[in-house]
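All ligand and atom numbering here is 1-based and tracks the order in the structure. Keep in mind that what you see is a predicted model, and the values were worked out from it rather than measured.
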Amino acid sequence: MSGTAVVVGGGVGGLVAARRLALHGRQVVLLERSATVGGRVARGTIAGVTADTGAESFAVRGGTVRALIDDLGLRGALAEPRGSAWVALADRTVPLPAGGVLGIPGSPLAEDVRRVIDGHGAARAYADRLLPVLKVGRYERLGPLVRGRMGRRVLDRLVAPVVESVYGVDAETVPVDAIAPQLNAAITVAGSLSAAVLRLRSAAPAGSAVQGLRGGVTRLVDALLADLERLGVDVRLDAEVIGVHPAPVGPGFTVVTPREDVVADVAVIAVDGAAALDLLRDAAPDVAHLPRPEPSVSRSVLLAVDDPRLDAMPRGSGVLRASGRTDVTAVALTHVTAKWAWSADALPAGRHLLRLAYRAADLPAETRVAADAAALLGLVPTTIVDRLDTVWVDTAPPLAPETRAAHQALSAAPLPQGLAVTGSWRSGTGLASVVAGAETAARGLG
Ligand SMILES: Cc1cc2nc3c(=O)[nH]c(=O)nc-3n(C[C@H](O)[C@H](O)[C@H](O)COP(=O)(O)OP(=O)(O)OC[C@H]3O[C@@H](n4cnc5c(N)ncnc54)[C@H](O)[C@@H]3O)c2cc1C
């Protein structure tokens, strides 16, 4: 295949799509609005070392990211996470049980589950095994499904902390089929929710669910960029695309930036949701004019602290906050130097990196952040050496109802030939989904 291609957006989705199109023999131009590529895979400097400020790992499911890492020669940099997560309940902080799906336990009577939901909660959760399952229809919302079958403690103490910190959505209202597409079918076959969880877990590969890269996940972006250079892709930075116009007659597109127009046979829109909908106004006006979702705004605060007591990894890889825990504002804390050995190795003895996640852009005061860290870790870190804040805006969270309506509209109304739309708002949050979606989108264009 030869011909020209333009890719709009230089996040991982756009970089992967550009690489695939170039490997297919196309001459590719990639246009990125900001001064760097990578999007939500980004780095910053704190206490003199480099740290991931956005994504810090990737899911191994599907093997797509791993295949890309192998292709890019990064296999030697793969890193396994250490420790596992804890959950901060209203009255205590305990390890999260192993082996669930979205926090839903497969074995409700297991010791590690009882430690979180107590004997009474475990007995209620076990009732799931005895309740009949829907034979007609599907469970619609996650909250009523979990609460109805396993009780409130499982929902509040196990499922909500995982769903809200990992996906940033309300566990009560999120559609089951959106967040766990295989769960309804597994319940029907297995006969209960917990048996469905065991079934899904047994189908998952052994080993960690996520991996990272020594030096940070941004190494994937560096390697992709180097490969694009090798393949002759023309990467243009500070190039915000303001229009994508299908040719009035025949194939091809004109992609407009304030400085120049780029004409190509095929185009990939790989920007975040609201920007993508804006750019679809010519190619798919019915989709572009749909109501927009509420953007999801979050802030991550990296702290460098000096405290040798943290060497013992008192809270494993980090802590998720359960809804009943009202004295803490942060939704989660990652103990970065506990989770990633390479990160600890880069720092002087006794120094640690912590990452706190907040669900709003508001600047939390130094005292608030310190109090949250102390409450979640169960100790007051002696000295805060440095702090690095990053605000993230997701303009079309993939699980929002309006985003899902846009997906349906895009599937129903075929785009002009030669145009593809990809990125996390389309394929789902996380690098595993984004890389797989971008590969599929680019392969579809040839
Ligand atoms: C704090 C945080 C932590 C995360 N942690 C993880 C994790 O540990 N593991 C994981 O798998 N995922 C994680 N994610 C999610 C993951 O980072 C994203 O799903 C993924 O990086 C999205 O890639 P993308 O290419 O779809 O979009 P983006 O990374 O948003 O890239 C879109 C690009 O398009 C550019 N752009 C926008 N508009 C225009 C325009 N008009 N013209 C030109 N360019 C434009 C933007 O500047 C940007 O570079 C995390 C995300 C955040 C915010």
Side-chain angles (χ1 to χ4, degrees), residues 6-18 29-44 51-62 64-65 81 165-168 209-213 216-218 220-221 224-225 235-244 255-259 262 267-280 295-302 317-318 331-332 334 336 339-340 355-359 389-398 421-438 441:
V6 61
V7 175
V8 185
V12 167
L15 295 169
V16 167
V29 176
L30 182 144
L31 300 167
E32 163 57 44
R33 173 178 61 186
S34 65
T36 50
V37 292
R40 279 170 271 175
V41 178
R43 57 166 70 97
D52 289 318
T53 54
E56 46 111 43
S57 65
F58 58 86
V60 298
R61 85 183 121 77
T64 327
V65 183
S165 61
V166 177
Y167 296 89
V210 298
Q211 287 181 320
L213 290 174
V217 171
T218 45
L220 178 62
V221 171
L224 278 166
L225 196 57
V235 176
R236 301 183 192 169
L237 302 176
D238 298 312
E240 177 169 16
V241 172
I242 51 176
V244 175
V255 174
V256 182
T257 76
R259 277 203 303 264
V262 180
V268 177
I269 297 177
V271 299
D272 53 286
L277 291 171
D278 287 344
L279 295 178
L280 283 169
S296 155
V297 183
S298 60
R299 172 185 286 268
S300 58
V301 180
L302 268 170
S317 59
V331 291
T334 306
V336 179
K339 188 170 181 183
W340 304 111
R355 174 149 102 173
L356 292 106
Y358 290 86
R359 274 285 157 249
D389 285 35
T390 316
V391 173
W392 299 101
V393 182
D394 189 346
T395 59
V421 180
T422 193
S424 61
W425 79 280
R426 223 23 214 120
S427 340
T429 302
L431 297 174
S433 305
V434 169
V435 171

Inset, instruction - Could you list which atoms of ligand 1 come closer than 4.0 Å to a heavy atom of Glu240? - result: 41 (N), 42 (N)
Inset, instruction - Indicate, as side chain, backbone, both or neither, the part of Val12 found under 4.0 angstrom from ligand 1 when only non-hydrogen atoms are considered. - result: backbone
Inset, instruction - Before signing off on this row, confirm whether Ser424 and ligand 1 have an N or O atom pair separated by under 3.5 Å. - result: yes
Inset, instruction - Heavy-atom contacts with Val41 under 4.0 Å: which atoms of ligand 1 show up? List them by number with element. - result: 21 (O)
Inset, instruction - May I ask whether Gly54 places a heavy atom under 4.0 Å from ligand 1? - result: yes
Inset, instruction - Please work out whether any backbone atom (N, CA, C, O) or any side-chain heavy atom from C-beta onward of Ala275 is under 4.0 Å from ligand 1, and answer side chain, backbone, both or neither. - result: side chain
Legend entry - For the student: nearest non-hydrogen atoms of Trp425 and Gly273, plus distance: CG-CA, 3.5 Å
Inset, instruction - Pull out every atom of ligand 1 sitting under 4.0 Å from any heavy atom of Leu31, numbered as shown with elements. - result: 43 (C), 44 (N)
Legend entry - Taking atom 32 (C) of ligand 1 as the reference point, the nearest protein heavy atom with its distance: Ala270 O, 3.8 Å
Legend entry - Interatomic spacing from OG1 in Thr257 to CG in Leu31 - rounded to 0.5 Å: 6.5 Å
Inset, instruction - Could you tell me the residue and atom name of the protein heavy atom closest to atom 31 (O) of ligand 1, and the distance to it rounded to 0.1 Å? - result: Gly11 CA, 3.3 Å
Inset, instruction - Might you point out which heavy atoms bring Val221 and Leu15 nearest each other, and give the distance in Å? - result: CG1-CD1, 4.0 Å
Inset, instruction - Write down the atom of Val37, the atom of Gly10, and the distance for their closest heavy-atom approach. - result: CB-O, 3.4 Å
Legend entry - Backbone of Thr395 reached by a side-chain donor or acceptor of Asp272 within 3.5 Å: no
Inset, instruction - Nearest heavy atom to atom 27 (O) of ligand 1 wins, so pick from Arg426, Arg40, Glu56. - result: Arg40
Inset, instruction - Among Val268, Val7, Val8, find the residue that satisfies the side chain to side chain contact (heavy atoms under 4.5 Å, CB included) test when tested with Leu30. - result: Val7
Legend entry - Any donor-acceptor N or O pair under 3.5 Å, side chains Arg40, Ser424: yes
Legend entry - ligand 1 versus Ala357: contacting region, heavy-atom distance under 4.0 Å: neither
Inset, instruction - Distance to 0.1 Å, residue and atom name: give those for the protein heavy atom nearest to atom 49 (O) of ligand 1. - result: Glu32 OE1, 2.7 Å
Inset, instruction - Please write down residue, atom name and distance for the protein heavy atom closest to atom 11 (O) of ligand 1. - result: Leu431 N, 2.7 Å
Legend entry - Protein heavy-atom partner closest to atom 18 (C) of ligand 1 - residue, atom, separation in Å: Gly430 N, 4.2 Å
Inset, instruction - Give the atoms of ligand 1, by number and element, whose distance to some non-hydrogen atom of Asp272 is under 4.0 Å. - result: 37 (C)
Legend entry - Heteroatom proximity flag, Thr429 to ligand 1, N/O under 3.5 Å: no
Legend entry - Gap separating the CG atom of Leu302 from the OG1 atom of Thr390, nearest 0.5 angstrom: 6.5 Å
Inset, instruction - Spell out, as yes or no, whether a donor-acceptor pair under 3.5 Å connects the side chain of Thr334 to the backbone of Val336. - result: no
Inset, instruction - Output the list of atoms in ligand 1 that are nearer than 4.0 Å to some heavy atom of Gly13, sorted by atom number. - result: 25 (O)
Inset, instruction - Identify the heavy atoms of Glu32 and Gly11 that sit nearest to each other, and give their distance. - result: OE1-N, 4.1 Å
Inset, instruction - If you have a sec, work out which protein heavy atom is nearest atom 43 (C) of ligand 1 and how many Å separate them, to one decimal? - result: Arg33 N, 3.3 Å
Legend entry - Shortest non-hydrogen separation from Gly216 to Asp52 and the atoms involved: CA-OD2, 3.3 Å
Legend entry - Polar contact flag for Thr53 and ligand 1 (N/O pairs, less than 3.5 Å): no
Inset, instruction - Say whether Ala239 and ligand 1 are in contact under the criterion: heavy-atom distance to a ligand atom below 4.0 Å. - result: yes
Inset, instruction - Can you see which heavy atom on Val271 is nearest to which on Leu279, and at what distance? - result: CG2-CD1, 4.3 Å
Please set out all donor-acceptor pairs under 3.5 angstrom arising from side-chain atoms of residues 53-60, sequence neighbours excluded.
unit_1, atom_1, unit_2, atom_2, d
Thr53, OG1, Ala42, O, 3.2
Glu56, OE1, Trp340, NE1, 2.8
Glu56, OE2, Lys339, NZ, 2.9

Legend entry - Per-atom contacts, ligand 1 versus Gly423 - under 4.0 Å to a heavy atom: 26 (O)
Legend entry - ligand 1-proximal atoms of Ser433, by part, heavy-atom distance under 4.0 Å: neither
Inset, instruction - Working to the nearest 0.5 Å, report the span between CZ of Arg299 and CZ of Arg359. - result: 13.5 Å
Inset, instruction - Identify the protein heavy atom lying closest to atom 9 (N) of ligand 1, giving its residue, its atom name and the separation to 0.1 Å. - result: Ser57 O, 2.7 Å
Inset, instruction - Quick one: look up the protein heavy atom nearest atom 34 (O) of ligand 1 and list residue, atom name and how far away it is. - result: Gly9 CA, 3.5 Å
